[in-house]
Every structure is written in structure tokens, then in C-alpha cells.
Number of protein chains: 2
Amino acid sequence: MEAALKAIAEPRRREILRLVWDAERPAGDIAAHFDVTHAAISQHLRVLKEAGLVNERRDGRRRLYIARPESIAELRAQLESYWDEALTRLKTEAEREERRGNGRQS
Amino acid sequence: MEAALKAIAEPRRREILRLVWDAERPAGDIAAHFDVTHAAISQHLRVLKEAGLVNERRDGRRRLYIARPESIAELRAQLESYWDEALTRLKTEAEREERRGNGRQS
DNA sequence: CGGATATTTAAGTCATTACTTAACTATTTG
DNA sequence: CAAATAGTTAAGTAATGACTTAAATATCCG
């Protein structure tokens, strides 16, 4: 989840992800939505791709990008389990400490 | 959401947040869980605090930290609405483009 | 082929970040 | 008060990140 979370922590990349959410778009089309260079957007697209959040398909001289719903769903699920896990995890840790003699109260 | 998302994008801070999820803990107690200096943890705690994810309370010479469920819930909600919004937002954008004459097909 | 088009990669800049060590600010207690 | 304790802040470092401009890579089309 590391890579995906870091990827969407960047606002520009969240916007890009939105743009390719349910339709393929060529890189240039995506770049046209922002006031930075195409190169910058290309780099953001690479981060999203390496995080598994988007797919790239070549079509002639264009590169079409689209979100990968599976990996987005996976990130969502991992976040959900993080919110939940935190509680249970803390609980087992407290028990562990108790067993070793109520440790670490500074 | 910006600050909160960036805060939890860091794995160390996710662990810290877990530790103070449902019980107040002094900074030193938190730091004892990691193999970095207290200073480093103190800095992470500041990031979490500035993102509104934890609360700090002074008790004598100790500083007690605990998660702020409201702001965590808020982040969760904002993420949820991001996953949803992406679809609808894209839709309205497509309509906008259509109205201006099917613009920007690169 | 050769130029135009779509996009990426390379290389560099500047800001930010996670960390360290060292110094500082309380607060408690002998 | 002075020493010990709990923690933060300051200053510096090395790595990373978002961006730029310039060059490279493909592909299409006359």
C-alpha cells in the first residue's frame, strides 16, 4: 500500500487519477488539464503506473492511460483494514506488555 | 485532507498513530517502540498533531498523545467521497467539454 | 526519406523530508 | 537550589520529489 498511498497523497496525482477514472485518455489530453509541462505529467503518470493505480496502453504514437479499479479497491481495502486493525493490534500489544510485567511506563 | 493524507503516507507515522489509537501515551513510551531517536519521534508527533490526527496534553514533564477520532473519521470520509466523486466529477467535465464543442481531443 | 506529432527520458534545480547530534526548556525531587 | 527526567527545538545532512528545459524515441504521413 506504501507506493499507492504516497502516490495519491500528491494532489496533482489525485486529479490525474480522477481524469482517467473510467475512460482511457492520452497523456497529452491529461496534460492539457494542468498548467505544468507535459514532462511533469508524464512523470506523475509513471508514479501512478508504478504504484499500480493506472494502466498504460500504446496506440500508435499515443499512450493511453486508465485507472486500474482492482488496485484502487485494494488500497481502499487496506486503508479500511488499517482503521480497524489499529484497535485490535493495540490490544494484543497491551497484553504482551502486561505479560512481561507491565513494562515501559517510562 | 492534504496534510492528514501526507501524514499517514509515512509508514512510521501510521505505526505511531496505531499506538495512540485508543489510549494516551507519553512521547517516550511511543519512542521506545522504534529504533530511532526520541527527537525523530517528536518530529513525527508534531506532523501528526499539525495534521490534526493526534492531540497533545501536558502532564507534568510528560507529554501525552492520543488519536483524534473525529479528524480520522473526517479523513476517512474525504477519501470515501474522493472514490465516489471521481466518477461524477468526470461526468460533469465531459458534459462541459461537449458543450464547448467536443474540445481537447489532442 | 523527412518533417510533424506524441510522449518519454535525461539532467539539473530548488524545496521538502526523515533523520542525527547537540543544545535548550520545563518539571520534579533530593 | 541542583541534578535528574521528559521532551522539544535547532542545525545540519543525505535522500527524495516536483518541476524545468533540452534531447531522445517512436510513429505517422506527405
Side-chain angles (χ1 to χ4, degrees), chain A residues 1-20 23-67 102-106, chain B residues 1-20 23-67 102-106:
Chain A
M1 105 165 172
E2 187 60 18
L5 235 191
K6 283 213 159 120
I8 66 149
E10 173 60 39
R12 187 91 76 195
R13 280 192 293 263
R14 276 200 303 280
E15 286 213 53
I16 291 175
L17 194 52
R18 260 175 178 150
L19 287 172
V20 296
E24 265 186 336
R25 286 189 193 241
D29 195 68
I30 295 164
H33 284 78
F34 305 97
D35 60 351
V36 293
T37 59
H38 283 213
I41 298 303
S42 179
Q43 286 153 20
H44 280 308
L45 285 168
R46 181 165 60 194
V47 172
L48 288 168
K49 192 173 59 181
E50 277 168 3
L53 292 170
V54 303
N55 229 315
E56 182 202 275
R57 178 172 75 91
R58 283 152 131 112
D59 170 37
R61 53 190 138 171
R62 298 185 313 163
R63 234 107 139 179
L64 301 171
Y65 291 90
I66 188 164
N102 200 24
R104 184 141 312 108
Q105 243 69 338
S106 185
Chain B
M1 105 167 170
E2 187 59 18
L5 235 191
K6 284 214 158 120
I8 66 150
E10 172 60 39
R12 187 90 77 196
R13 281 194 292 265
R14 277 201 303 279
E15 286 214 53
I16 292 176
L17 193 54
R18 261 175 177 148
L19 287 172
V20 296
E24 264 185 336
R25 286 194 193 235
D29 194 69
I30 296 164
H33 284 77
F34 304 97
D35 62 349
V36 293
T37 58
H38 283 215
I41 298 302
S42 181
Q43 286 154 19
H44 280 308
L45 284 168
R46 182 167 56 193
V47 172
L48 288 169
K49 193 172 60 178
E50 278 169 2
L53 292 171
V54 303
N55 229 315
E56 183 202 275
R57 178 172 73 92
R58 284 153 131 111
D59 169 38
R61 53 190 139 172
R62 298 187 313 165
R63 235 107 137 177
L64 301 171
Y65 291 89
I66 188 165
N102 202 24
R104 181 140 314 103
Q105 241 68 334
S106 179

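Each chain gets a letter, A, B and so on, in the order its sequence line appears, and its residues count up from 1.
Between the CD atom of A/Glu56 and the C1' atom of C/dT7 there is a distance of 10 Å, rounded to whole Å. Atoms CD1 (A/Ile41) and C1' (D/dC19) sit 10 Å apart, rounded to a whole Å. Taking atom CZ of B/Arg57 as the reference point, atom P of D/dA6 lies 16 Å away to the nearest angstrom. B/Leu64 has its CG atom 8 Å from the P atom of D/dG7, to the nearest Å. Atom CZ of A/Arg63 and atom C1' of C/dA6 are 9 Å apart (whole Å). Note: CG (A/Leu5) to P (D/dG17) measures 14 Å, nearest angstrom. Rounded to whole Å, atom P of D/dG7 lies 12 Å from atom CD of B/Glu24.
Note on B/Phe34: nothing from the nucleic acid sits closer than 4.0 angstrom, heavy atoms only.
Applying the side chain to side chain donor-acceptor pair (under 3.5 Å) test to every pair with at least one member in residues 3-14 of chain A, sequence neighbours left out, gives these pairs: A/Glu2-A/Lys6, A/Arg13-A/His44, A/Arg14-B/Glu2.
Closest non-hydrogen pair, A/Val47 versus A/Ala7, comes out as CG1-CB, 4.1 Å.
Residues passing the side-chain hydrogen bond (donor to acceptor under 3.5 Å, both in side chains) test with B/Arg61, sequence neighbours excluded: none. Residues passing the side-chain contact (heavy atoms from CB on, under 4.5 Å) test with A/Ala40 are A/Val36, A/Thr37, sequence neighbours excluded.
Under the 4.5 Å side-chain criterion, counting only non-hydrogen atoms from C-beta, A/His33 is in contact with A/Arg25.
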For residues 53-60 of chain A, dump all side-chain donor-acceptor pairs below 3.5 Å to protein atoms at least two apart in sequence or in another chain.
from: A/Glu56; atom 1: OE1; to: A/Lys49; atom 2: NZ; distance (Å): 2.7
from: A/Glu56; atom 1: OE1; to: A/Tyr65; atom 2: OH; distance (Å): 3.1
from: A/Arg57; atom 1: NE; to: A/Glu24; atom 2: OE2; distance (Å): 2.7
from: A/Arg57; atom 1: NH2; to: A/Glu24; atom 2: OE1; distance (Å): 2.9
from: A/Arg57; atom 1: NH2; to: A/Glu24; atom 2: OE2; distance (Å): 3.4
from: A/Asp59; atom 1: OD2; to: A/Arg62; atom 2: NH2; distance (Å): 3.0

Its contact letters, B for base, S for sugar-phosphate only and - for none at protein heavy atoms under 4.0 Å, make nucleotides 15-30 of chain C read ---SBBB-----BS--
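For D/dA6, the OP1/OP2 oxygens have no side-chain nitrogen or oxygen of B/Tyr65 closer than 4.0 Å.
Of all nucleotides listed (C/dA6, C/dT8, C/dT9), C/dA6 comes nearest to the side chain of A/Arg62.
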